[in-house]
Structures are given as structure tokens and as C-alpha cells.
Colleague: 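Sharing a structure, written as C-alpha cells. Questions coming.
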Amino acid sequence: ALMARPFDLELLEFSGPAFPLFDDVLSIRAAHCSAFSATGANVMAYATGQGGAMGTSVLELFARDGTQQRTLGDPLMAQGFEIGPRGQFVALSMPDMQIGTFDIWLYELERDLSTRLTFDSESETLPVSSPDGQWLYYSQDPYGPTAIYCHRVSGAGRPEAITAEIF
């Protein structure tokens, strides 16, 4: 279960008891991580399921009180996702079944529209948004050491290498 607990930013302490938000949040215990993302714009995304197996998921939009508002797009398979800082998009790393790699896609919440951002022959995974929501950072693995790249969310320009191969 994904839990929440009120926090007072001025006092820097908890201001209430913890409570459950969602059950069945994908948790990969061996990696000590769970699959969820949240923004200051009161938007949250999470993947459901068990273990490390990748399956088909749906994106669902919920109100703050936990009621489901709508399902976004078609069922999909994703390896890593990130919500834009103002809740305007969800960045997803999804498979290209033709060549067997992953690419970054943007799902615009307001327009209910998916757009492919990367087209390289390597896999791009683990998207992270810049604080202003203008850039996406992601890892690229050309079948060996990984490097970090960034690309404008608008799709303009070419991806830029941020780091050399790091491992």
C-alpha cells in the first residue's frame, strides 16, 4: 500500500497520522523501490502489480479524495514514468515492439494525447522532469555503459548528452 502523512513545511514535522492512499502499488522488494510519481500540483501516478514482471497497465486519473475521474489512453506497458511538475504530462518509457527497445513517450493529460519523444536505436528509460517542466532527463543504454541525456519536452532540437557513460 502507498501511504501518505501530512507534513508541516514551516515546522518541518509531521502534522497528522499516516493513512493509506492506494493498495496494490507495484513494489520491487529486491530493488527496495515502488513504482509511483507525484507532483506539487496534486497529481500522482502509480503502477499496480507484484514483483518485477512487466505487464500491461492503465493510466487512471484520480481526484484528491481518491475517486477515479477517468482512464487515460489505452492499456500500455511501461518501464519507468514521471509526472510533469505541474501535472501537465506523464513521461513514460514504453517498448518499441518492432526493434525491441524502449523509448520515451509523453502523455498530455489535458488533451488525452500520446507523443513519442525519442527515436534512437538504443533504449531510453527512467524519465525525470526538470523542475520547470521544460526538459526530460533519461538514461540511455547502448547495450553497455549507461549515459544520461536530456531532451526538450516540446520535442524541439536533438537530445543532449549530460554525462559520459557512467556505469
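Worth knowing before you read on, the calculation uses all heavy atoms, side chains too, and leaves out hydrogens, waters and symmetry mates. Since this is a predicted model, take the numbers as computed values, not measurements.
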Colleague: Over all heavy atoms of both residues, which pair between P95 and F102 is shortest? Give the atoms and the distance, please.
Modeller: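 It is N-CD2, 3.5 Å.
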
Colleague: Quick one: pull up CD in Q88 and CG in L109 and give me the separation to the nearest 0.5 Å.
Modeller: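 Rounded to the nearest 0.5 Å, the CD-CG separation comes to 8.0 Å.
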
Colleague: Taking all atoms of both residues into account, what is the closest heavy-atom pair of P127 and S93, and its distance?
Modeller: CD-CB, 4.3 Å

Colleague: Quick one: does any side-chain atom of S154 pair with a main-chain N or O of A156 as donor and acceptor, under 3.5 Å?
Modeller: yes

Colleague: Parallel under 30°, tilted from 30 to 60°, perpendicular over 60°: which one fits the rings of F14 and F7?
Modeller: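 The rings of F14 and F7 stand perpendicular, inter-plane angle above 60°.
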
Colleague: Could you state whether M94 and I83 fall into the same hydrophobic cluster, counting links through intermediate Ile, Leu, Val, Met, Phe, Trp or Tyr residues with side-chain heavy atoms under 4.5 angstrom apart?
Modeller: yes

Colleague: So which atom in P20 and which in M3 form the shortest heavy-atom distance, rounded to 0.1 Å?
Modeller: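 Result for this residue pair: CA-SD, 3.5 Å.
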
Colleague: Is L136 reachable from I162 through a run of I, L, V, M, F, W or Y residues, each pair having side-chain heavy atoms under 4.5 Å apart?
Modeller: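 In one cluster with I162: L136, no.
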
Colleague: Compute whether any side-chain donor of one residue and acceptor of the other, for T101 and D96, lie under 3.5 angstrom apart.
Modeller: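 No, because no side-chain N or O of T101 sits under 3.5 Å from a partner of the opposite role on D96.
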
Colleague: Does W135 reach the side chain of E160, with side-chain heavy atoms less than 4.5 Å apart?
Modeller: yes

Colleague: Would the number of heavy atoms belonging to other residues, nucleotides or ligands and lying under 6.0 Å from CZ of R5 be above 12?
Modeller: yes

Colleague: Would you kindly confirm whether F89 and I104 end up in one hydrophobic cluster when ILVMFWY residues are joined by side chain heavy atoms under 4.5 Å apart?
Modeller: yes

Colleague: Is the backbone of Q134 close enough, under 3.5 Å, to the side chain of R152 for a donor and an acceptor to pair up by distance?
Modeller: no

Colleague: Should V153 and Y138 be regarded as members of a common hydrophobic cluster, given that ILVMFWY residues are connected when their side-chain heavy atoms come within less than 4.5 Å of each other, either directly or indirectly?
Modeller: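 Hydrophobic grouping puts V153 with Y138.
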
Colleague: Which distance, rounded to the nearest 0.5 Å, do you find between the OG1 of T118 and the CD of E124?
Modeller: 3.5 Å

Colleague: L117 and G155: which non-hydrogen atoms are nearest, and at how many Å?
Modeller: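 What the structure gives for the nearest pair is CD1-CA, 3.8 Å.
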
Colleague: Please say yes or no: joined through hydrophobic side-chain contacts below 4.5 Å, possibly via intermediate residues, are L92 and L106 part of one cluster?
Modeller: no

Colleague: Can you name the closest pair of heavy atoms from W105 and R116 and give their distance?
Modeller: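 Answer, listing the atom of W105 first, then R116: CE3-N, 3.4 Å.
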
Colleague: For residues S129 and E82, is any side-chain donor paired with an opposing acceptor at under 3.5 Å?
Modeller: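 Side chains of S129 and E82: no pair found under 3.5 Å.
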
Colleague: Does one side chain, of D132 or S130, offer a donor that lies under 3.5 Å from an acceptor on the other?
Modeller: yes

Colleague: Counting N and O atoms only, with roles assigned by atom type, does the side chain of E122 sit under 3.5 Å from a partner on the main chain of D120, one being a donor and the other an acceptor?
Modeller: no

